[in-house]
Amino acid sequence: MAFCEIRDLHKSYFLEGKRIDVLRGVDLCIHAGEMLSLTGASGVGKSTFLHVLGTLDAPTRGSILFEDRDVTSMDDAELAQFRNQSIGFVFQFHYLLPEFTALENVMMPALIQRLPTAEAHRRASELLEDVGLRDRGNHKPGELSGGEQQRVALARALVLRPRLLLADEPTGNLDPTTGEGIHLLLRDLNQRLGIAAVVVTHNEHLAQSLPRRLRLSDGHVTEDRAS
């Protein structure tokens with residue numbers, strides 16, 4: 001059974017009185033622990049798809065089921081609770097809070113969810129070790145490299161132990177060598193933690209390295225069979 005099932009997903013916007021159809025009936029199943037890449041031309045709607053899948057934006061039509069729960073029928077409070085507990089996000093820009101240390105940044109979602117401080121600290125410390133930053137926890141973002149900041153953002157996305165990780169161009173601002181390190185880290189965490197992941201990327205090398213490859217074109221998601 002699919003962990004996540006997307007059925008006939010549509011998303012439209014109105015711009016200057018004109019309707020723009022971005023998603024035009026997406027059907028997709030994602031299985032637990034599966035890792036997928038999503039590619040497509042610039043402006044085709046990859047980030048829109050990720051935002052709708054992550055419940056940050058509502059679809060115009062269609063449904064998204066997580067373990068048979070239709071999240072598109074939830075109210076705002078239910079959605080916020082579901083999103084915090086089940087989905088982690090990593091973006092091209094890391095959005096770390098500059099006044100807090102790496103450890104505090106990773107702890108933040110857990111503290112917001114009212115986890116005990118000791119538990120939040122333990123989880124954050126373990127994740128910083130997982131991403132290779134055990135000795136950088138007391139450093140603020142300005143004292144870290146771009147790759148280190150993105151690793152902190154990845155640890156933060158995982159601190160509430162989500163079932164699904166959504167990554168939107170996670171290496172877009174990194175040099176090729178640093179970006180490759182993030183690619184390897186994503187695959188390692190996926191295998192060790194069993195978290196399903198959808199990675200939006202323009203990087204064909206990363207896309208081709210993942211077990212399942214999707215392409216968004218003309219509002220539809222198709223399997224990319226390219227070798």
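Heads up: numbering here begins at 1 and tracks the sequence. On a predicted model such as this, the values are computed, not experimentally measured, just so you know.
For the pair K140 and E99, the salt-bridge criterion is not met [side-chain N within less than 4.0 Å of a carboxylate O]. A salt bridge between E126 and R123 is absent, with no side-chain N of the basic residue lying under 4.0 Å from a carboxylate O of the acidic one. Ion pair R192/D130 flagged as a salt bridge, since at least one NZ, NE, NH1 or NH2 atom sits closer than 4.0 Å to an Asp/Glu carboxylate oxygen. Under the 4.0 Å criterion applied to side-chain N and carboxylate O atoms, E148 and R134 are not assigned as salt-bridge partners. Ion pairing of D57 with K11 is present here, as a side-chain N (NZ or NE/NH1/NH2) and a carboxylate O approach within less than 4.0 Å. Ion pairing between E223 and R212 holds under the 4.0 Å rule for side-chain N and carboxylate O.
Side-chain contact check for S42 and H202: at least one donor-acceptor pair (N or O, by modelled atom type) lies under 3.5 Å. When only modelled atom types and interatomic distance are considered, S209 and R187 share a side-chain donor-acceptor pair under 3.5 Å. There is a side-chain donor-acceptor pair under 3.5 Å between S12 and D21. The closest side-chain donor-acceptor pair between R83 and T55 falls under 3.5 angstrom.
Here the CG atom belonging to L216 is positioned 10.0 Å from the OG atom belonging to S47, to the nearest 0.5 angstrom. In this structure, the separation between CZ on R151 and CG on L185 is 5.0 Å, given to the nearest 0.5 Å. Note: R163 CZ to I87 CD1 = 11.5 Å, rounded to the nearest 0.5 Å. For the atom pair CG (L36) and NE2 (H31), the distance works out to 9.0 Å, reported to the nearest 0.5 Å. Taken from CZ in R61 to CG in D8, the straight-line distance is 5.5 Å, to the nearest 0.5 Å. Taken to the nearest 0.5 Å, the CD atom of Q150 stands 9.0 Å off from the CZ atom of R156.
Cluster annotation: L56 and L23 are assigned to the same hydrophobic cluster (Ile/Leu/Val/Met/Phe/Trp/Tyr, side-chain heavy-atom contacts under 4.5 Å, transitive). Tracing side-chain contacts under 4.5 Å through hydrophobic residues (I, L, V, M, F, W, Y), one never reaches L65 starting from L50; they form parts of separate clusters. Hydrophobic cluster membership differs between I195 and L184, with clusters built from Ile, Leu, Val, Met, Phe, Trp and Tyr side chains linked at under 4.5 angstrom. In terms of hydrophobic clustering, with Ile, Leu, Val, Met, Phe, Trp and Tyr side chains grouped at heavy-atom distances under 4.5 Å, L133 and F100 are assigned to different clusters. With hydrophobic clusters built from ILVMFWY side chains whose heavy atoms lie under 4.5 angstrom apart, Y95 does not share a cluster with M108.
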(request) Evaluate the criterion side-chain contact (heavy atoms from CB on, under 4.5 Å) for residue pair I6 and F49; output intermediate values, then yes/no. (result) CA-CA 11 Å; I6 300 162; F49 171 73; 3.8 Å; yes
(message) Under the criterion side-chain contact (heavy atoms from CB on, under 4.5 Å), I'd like the reasoning laid out for H220 against D27: C-alpha separation, chi angles, the key distance, then a yes or no.
(response) CA-CA 8 Å; H220 301 278; D27 294 292; over 6 Å; no
(request) I would like to know whether L9 and L28 meet side-chain contact (heavy atoms from CB on, under 4.5 Å); could you show each step before the answer? (result) CA-CA 9 Å; L9 196 69; L28 180 66; over 6 Å; no
(request) Please step through salt bridge (charged side-chain N to carboxylate O under 4.0 Å, His left out) for the pair E169 and K46, ending with a clear verdict. (result) CA-CA 10 Å; E169 294 287 357; K46 299 184 299 298; 5.3 Å; no
(message) Does R136 form a side-chain contact (heavy atoms from CB on, under 4.5 Å) with L128? I'd like the steps, not just the answer.
(response) CA-CA 8 Å; R136 304 289 275 168; L128 284 175; over 6 Å; no
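When side chains are defined from C-beta on, S125 counts as touching L103, because their heavy atoms get closer than 4.5 Å. The side-chain heavy atoms of L154 and L186, taken from C-beta on, include a pair separated by under 4.5 Å. Between Y13 and R19, the closest side-chain pair of non-hydrogen atoms is not below 4.5 Å. Two residues are said to be in side-chain contact when any heavy atoms from C-beta on lie closer than 4.5 Å; L160 and Q85 fail this criterion. Q81 has its side chain within reach of Q113: a pair of non-hydrogen atoms, C-beta onward, lies under 4.5 Å apart. Residues R215 and L38 are not in side-chain contact: their nearest non-hydrogen atoms beyond the backbone lie 4.5 Å or more apart. At a threshold of 4.5 Å between non-hydrogen side-chain atoms, the residues P141 and N105 count as touching. Between I30 and L53 there is a side-chain heavy-atom pair separated by less than 4.5 Å.
Here the closest heavy-atom approach between residue T39 and residue A207 is recorded as CG2-CB, 3.5 Å. Annotation for R24 and H10: closest pair C-CE1, 3.6 Å, computed over non-hydrogen atoms. Residues A120 and L111 approach most closely at CB-CD2, 3.8 Å, considering heavy atoms. Of all the heavy atoms in V106 and V159, the pair that sits closest is O-CG1, 3.4 Å.
Between F82 and F66, the ring planes lie tilted relative to each other; the angle falls in the 30° to 60° range. Between F89 and F91, the angle of the ring planes stays under 30°, which puts this pair in the parallel group of the 30/60° scheme.
Among L165, L166, L164, L158, the single residue meeting the side chain to side chain contact (heavy atoms under 4.5 Å, CB included) criterion with P162 is L158.
Residues satisfying the side-chain contact (heavy atoms from CB on, under 4.5 Å) criterion with T72, sequence neighbours excluded, are P59, S63, I64, D70.
D75 CG: more than 12 foreign heavy atoms inside a 6.0 Å radius. Remark: R122 CZ is packed, more than 12 non-hydrogen atoms of other residues, nucleotides or ligands lying under 6.0 Å away.
With hydrogens and angles ignored, the 3.5 Å screen pairs a side-chain donor or acceptor of N190 with a backbone N or O of G33.
For the pair K18 and F14, the NZ or CZ position fails the cation-pi test of under 6.0 Å to the six-membered ring centre and within 45 degrees of the ring normal.
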